[in-house]
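What you see is a predicted model; the values in this text were computed from it and never measured. Per chain, numbering begins at 1; letters A, B, ... match sequence-line order. Side-chain atoms are counted along with the backbone in the values below, which use heavy atoms only and exclude waters and symmetry mates.
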There are 2 protein chains.
Amino acid sequence: MVLSRTSQYAVQALIYIATQPPGEPVLNRDIAERLSVPAAYLAKILQNLCKHGILDSFRGRLGGFCLREGMHKTTLMQVLLLTEGPDFTKSCILGLKECSDATACPLHAKWIPVKKKIISLLTDMSLEDLAKAVLTGKYRLSDLPVSLLPA
Amino acid sequence: MVLSRTSQYAVQALIYIATQPPGEPVLNRDIAERLSVPAAYLAKILQNLCKHGILDSFRGRLGGFCLREGMHKTTLMQVLLLTEGPDFTKSCILGLKECSDATACPLHAKWIPVKKKIISLLTDMSLEDLAKAVLTGKYRLSDLPVSLLPA
DNA sequence: ACTCCTAAAGAGTTTTTTATCCAGTTTACG
DNA sequence: CGTAAACTGGATAAAAAACTCTTTAGGAGT
């Protein structure tokens, strides 16, 4: 039902970065605090997103992480294909390696329409959309109550 | 997108047992071979299903595992609540502990309808239904090609 | 040039999940 | 009875996922 913790952290962090003024690098430390997530682990995840061209990183003073130019339009699906692996959309609910119309598990027929809904949902949502939603103040990215959020 | 391997094995095994003549205990070894799954590990999973009243087990010669009386109607949801834990249906896609209408993650509104579809799918499918589907010969429970299935 | 602040990189640790092993108990059957 | 076949339960091991630590390197300000 859920994603790996790595994917959750990646998505949360990307949305958070997308809510920040573009061009101003965001510190790993600040993201970790804001999401109450282990900083060293998050750093690894962000590095990986850099390698794959979603983020830019800057070292030294005034350093940090920024969404790369144009990457506000990145969809959740694009992110999850990186963090969950390229077979993310191919998974069979029973774990079969091969589960197509030809060689189907007994759940296949019922599962496919639901899976399509999930995929289109993930493909429709961009970081920009989600960041805007968060900026309305109606939604949260972490379990921290709003009153305890770092300034 | 997927279930734990433990859940996958549990569901596969239960469906397989449901395809076998009721009252005749099925050997753990046979199930493991049929699904090409580690036998010792599967045994633990089956024991757990016994503890929770879905299966009956019999020791000694002519021993094995049977669906408990009336348990052909067991739904996938009932099984997954055991194998994935009682919070299985409560999970937030971003991993928030609290993600309700009041305290929602930015995906919440779009995710809920999909989640409902998943839940009703899992709640509608019984072991009996799935076993019947398998018995038609159109579906498979493991990656083994039909030609290699143990007799 | 020097120093401080940052990410990068790699190795190492801990925890969870998955898988194995073995000695013990139960049962059927000869 | 005795033996082989089957589950049981506890301990253990291996693999994967989550997380940490330490060192290195690069950029900004003085």
- From D/dC7, C/dT18, D/dT20, pick the nucleotide closest to the side chain of A/Ala40? D/dT20

- To the nearest angstrom, the CD1-C1' distance between B/Ile45 and C/dT18 comes to 9 Å

- Message: Once hydrogens and angles are ignored, does a donor-acceptor distance under 3.5 Å link the base of C/dA7 to the side chain of A/Arg59?
- Response: yes

- Length of the CG-C1' vector between A/Leu55 and C/dT6, whole Å: 15 Å

- Rounded to whole Å, CG of B/Asn28 lies from P of C/dT20 at a distance of 12 Å

- Please list residues of residues 46-53 of chain A whose heavy atoms come under 4.0 Å from any atom in DNA chain C, ordered by number; otherwise none. A/Gln47

- Do you know the tightest heavy-atom contact between B/Ser91 and A/Val2? CB-CG1, 3.1 Å

- Protein-nucleotide distance (A/Tyr41, atom OH; C/dA7, atom C1'), rounded to Å: 18 Å

- A/Gln8 CD to D/dA18 P, in whole Å, measures 9 Å

- Task: Find which nucleotide of DNA chain D each of A/Arg5 and B/Leu62 is nearest to by heavy atoms, and output the residue with the more 5' nucleotide.
- Result: B/Leu62

- A/Pro106 vs B/Leu141 side-chain heavy atoms within contact, under 4.5 Å: yes

- Message: With nearest nucleotide decided by heavy atoms, which residue, A/Val26 or B/Leu3, maps closer to the 5′ end of DNA chain C?
- Response: A/Val26

- To the nearest 0.5 Å, atom CG of A/Leu94 lies from atom OH of B/Tyr9 at 12.0 Å

- Message: When you compare the side chains of B/Thr6 and B/Tyr41, does any donor N or O come within less than 3.5 Å of an acceptor on the partner?
- Response: yes

- Could you tell me the separation between the CZ atom of B/Phe65 and the C1' atom of C/dT26, rounded to a whole number of Å? 13 Å

- Message: Would you say B/Arg29 places a side-chain N or O within less than 4.0 Å of OP1 or OP2 belonging to D/dA6?
- Response: yes

- Task: Report the distance from atom CG of B/Asp56 to atom C1' of C/dT26, rounded to the nearest whole Å.
- Result: 16 Å

- Options C/dA19, D/dT20, D/dC19, nucleotide nearest the side-chain atoms of A/Lys44: D/dT20

- Item | Pairs touching residues 76-105 of chain A that satisfy salt bridge (Lys or Arg N to Asp or Glu O under 4.0 Å), sequence neighbours left out | A/Asp87-A/Lys90

- Query: Do A/Ser7 and A/Ser4 have a side chain donor and acceptor closer than 3.5 Å?
  - Reply: yes

- Shortest non-hydrogen contact from A/Phe88 toward B/Met1: CE1-CB, 3.5 Å

- Minimal non-hydrogen separation, A/Leu96 against B/Arg140, with atom names: CD1-O, 3.7 Å

- Item | D/dA17 phosphate, OP1 or OP2, under 4.0 Å from A/Thr6 side-chain N/O | no

- So, is A/Ser57 near the phosphate of C/dT6, with a side-chain N or O under 4.0 Å from OP1 or OP2? no

- Query: Under 4.0 Å: is that the gap between some side-chain N or O of B/Tyr9 and OP1 or OP2 of C/dA19?
  - Reply: yes

- Would you indicate, yes or no, if C/dT3 has its OP1 or OP2 atom less than 4.0 angstrom from a side-chain nitrogen or oxygen of A/Arg61? no

- Would you mind reading off the distance between A/Ile17 atom CD1 and C/dA7 atom P, rounded to a whole angstrom? 10 Å

